[in-house]
Amino acid sequence: MNIPLNIDWRQILLHLFNFAILAGGLYILLYRPVKNFMKQREDYYQGLRDDAEQVKEQAEQLKTQYETQLSQADEAIDRKKAEAEQELEQLRERELADAQRRAGVILEKARENAEREHQEMLSKATRELTQLAVTTAEKMVLNAKGDPYEQFLDLAEKEDAHEQSE
Amino acid sequence: MNKKNRLLLFLWLCAVALLLVGSILAPSGGHEETIREAMRDAVLHESNKINLPGIGPVNPGLISAVTVTAVLLAAALLIRIFVIPRFRYVPGKLQLLLEQGVSLFDNLAKTNSPWRNGFLGAYLFGAGCYIFFGTLFELLGVQAITTHGTSFTLPAPLSDVNAAIMLGVLSYFVICSGAVAGNGFHGIGSALKEISLLISMSFRLFGALLSGLLVTELVYYYVTLSFVLPVVVAVLFTLLHALIQSYVLTMLTALFYGEMSEPHERKPRAKRRKSAAPVQSN
């Protein structure tokens, strides 16, 4: 059978045989080794990446742990601060009450002292006035002519006359 | 531009001028065949055959394919022995190039076919390398002696229709294998629906590479067209062909393989009957 275009089955098979050798040889000599190497490199970098991911994950866990601890520490600090403020308030109130009490005592003492001094001053003034009156009287007596009683009466009369004239 | 560069430029221009004059003045050997015969032979390979020891006369494309295979396997062996054992995690230039080549086809397989892509990646790598380096092979202009005793430039392997059919059919069978692996015998039905792939994949390759060959043949046939123009026609077109055809075939194979190997969930028969019952009653 004469096939057009000079198609020859034997030569097709020879081409196939030739291509089979070429494809097989290229697969064994080039394709597989290069692909294996690329796979090996990919595995190597994948391993590095996995390690990095693992380390990152551990770091994340540590970070979370530290953040928890930090928040707990913050809470403890807040709690301690509140307690300290409460204690300080109580202490301040106690001190204030104590100061007020002491101020009351001091004020009472001052009042008592003032009263006592007032009384002393009054008594002293009374004494001095009495003394002055006595002294004046003595001086009047000593400087008077005649009987004191008479002088007194004269003075009294003078006073009456003076009032009546007015 | 310094003095040394100017001297080099002058020498290069002199060499180009001498070659031009020489090629015009030198006596031409004459054409052994007309342009029509040359074109016809480029398509059909009827007259220029090469004797393959133990096999007999074969198309020049087969010799090209064997040569490309030998060169590629030798290069792969050298790379396997001397380069791959020195691979480092931070790659150098050659290592990067090899890794890019492998991962290009591997990713093509993985992205287009998430199922059973191990074999597909290896196949795409082989096919891609074969098309790419096979197409670039024609740039070398390797000469061979035909059965008539004349010198003949070896073409790209895939400009031979037999090589293109082989690769197209093989790609189709790879797609079929994916369909069977993914869906069992039910996958064969969906693969057979795409039977046109057999022809389209084969003749797309053949047509693309043959067109490049014909244009190159035409350009080189006439001496007046053989200056400057081949730089664009031969080199750039061949490079583009190599890239585009290797990408197109591998991408199509991966795409259809992924589509065929996708597992389809089948409804149990009892459920299908139940779901069909109300329709019948209506």
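Within every chain, numbering begins at 1; the chains are lettered A, B, ... in the order of the sequence lines, protein sequences first and strands thereafter. None of the values given here were measured: they were computed from a predicted structure.
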Bottom line for B/Ala164: the part with an atom under 4.5 Å from chain A's heavy atoms is neither
Within residues 38-75 of chain A, contacts to chain B at heavy-atom distances under 4.5 Å involve A/Met38, A/Gln40, A/Arg41, A/Tyr44, A/Tyr45
The reported gap from CG in A/Leu16 to CD1 in B/Ile165 (rounded to nearest 0.5 angstrom) is 12.5 Å
Turns out that what part of A/Arg32 lies under 4.5 Å from chain B's heavy atoms comes down to neither
Tell me, out of A/Ile12, A/Leu13, A/Ile21, who's got the most heavy-atom pairs with chain B below 4.5 Å. A/Ile12
With no hydrogens and no angle check, is any side-chain donor or acceptor of A/Gln11 less than 3.5 Å from a backbone partner on B/Leu62? no
Among B/Ile79, B/Asn162, B/Thr69, who wins on heavy-atom pairs under 4.5 Å with chain A? B/Asn162
A side-chain contact here means heavy atoms from C-beta on lying under 4.5 Å apart; do A/Asn18 and B/Met166 qualify? no
Check each atom of B/Ile55 against the heavy atoms of chain A and say whether the ones under 4.5 Å are side chain, backbone, both or neither. both
Quick one: pull up CG in A/Leu30 and CG in B/Leu77 and give me the separation to the nearest 0.5 Å. 9.5 Å
Output the distance between atom CG (A/Asn36) and atom CZ (B/Phe87), rounded to the nearest 0.5 Å. 11.5 Å
Toward chain B: residues of residues 90-125 of chain A with heavy atoms under 4.5 Å: none
Crowded around B/Trp115 CH2? As in, over 12 foreign heavy atoms under 6.0 Å? yes
Starting at NZ of A/Lys35, measure out to CZ of B/Phe105 and round the result to the nearest 0.5 Å. 13.5 Å
Side chain / backbone / both / neither for B/Leu73 at chain A, heavy atoms under 4.5 Å: both
Nearest non-hydrogen partners of B/Arg80 and A/Leu29, listed with the distance: CD-O, 3.1 Å
Would you say that more than 12 heavy atoms from the other residues, nucleotides or ligands in this model lie under 6.0 Å from the CD1 of B/Ile199, or not? no
Which bit of A/Tyr27 comes within less than 4.5 Å of chain B, counting heavy atoms only: side chain, backbone, both or neither? side chain
Heavy-atom pairs under 4.5 Å with chain A, option from B/Asp106, B/Leu170, B/Leu72 with the top count: B/Asp106
Measuring from A/Phe37:CZ to B/Ile84:CD1, what's the distance to the nearest 0.5 Å? 10.0 Å
Please look at B/Asn59 and chain A and tell me whether the side chain, the backbone, both or neither of the residue comes under 4.5 angstrom of a heavy atom of that chain. both
Interface moiety of B/Val58 toward chain A, non-hydrogen atoms closer than 4.5 Å: both
Please work out whether the ring planes of A/Tyr31 and B/Phe125 are parallel, tilted or perpendicular, with thresholds of 30° and 60°. tilted
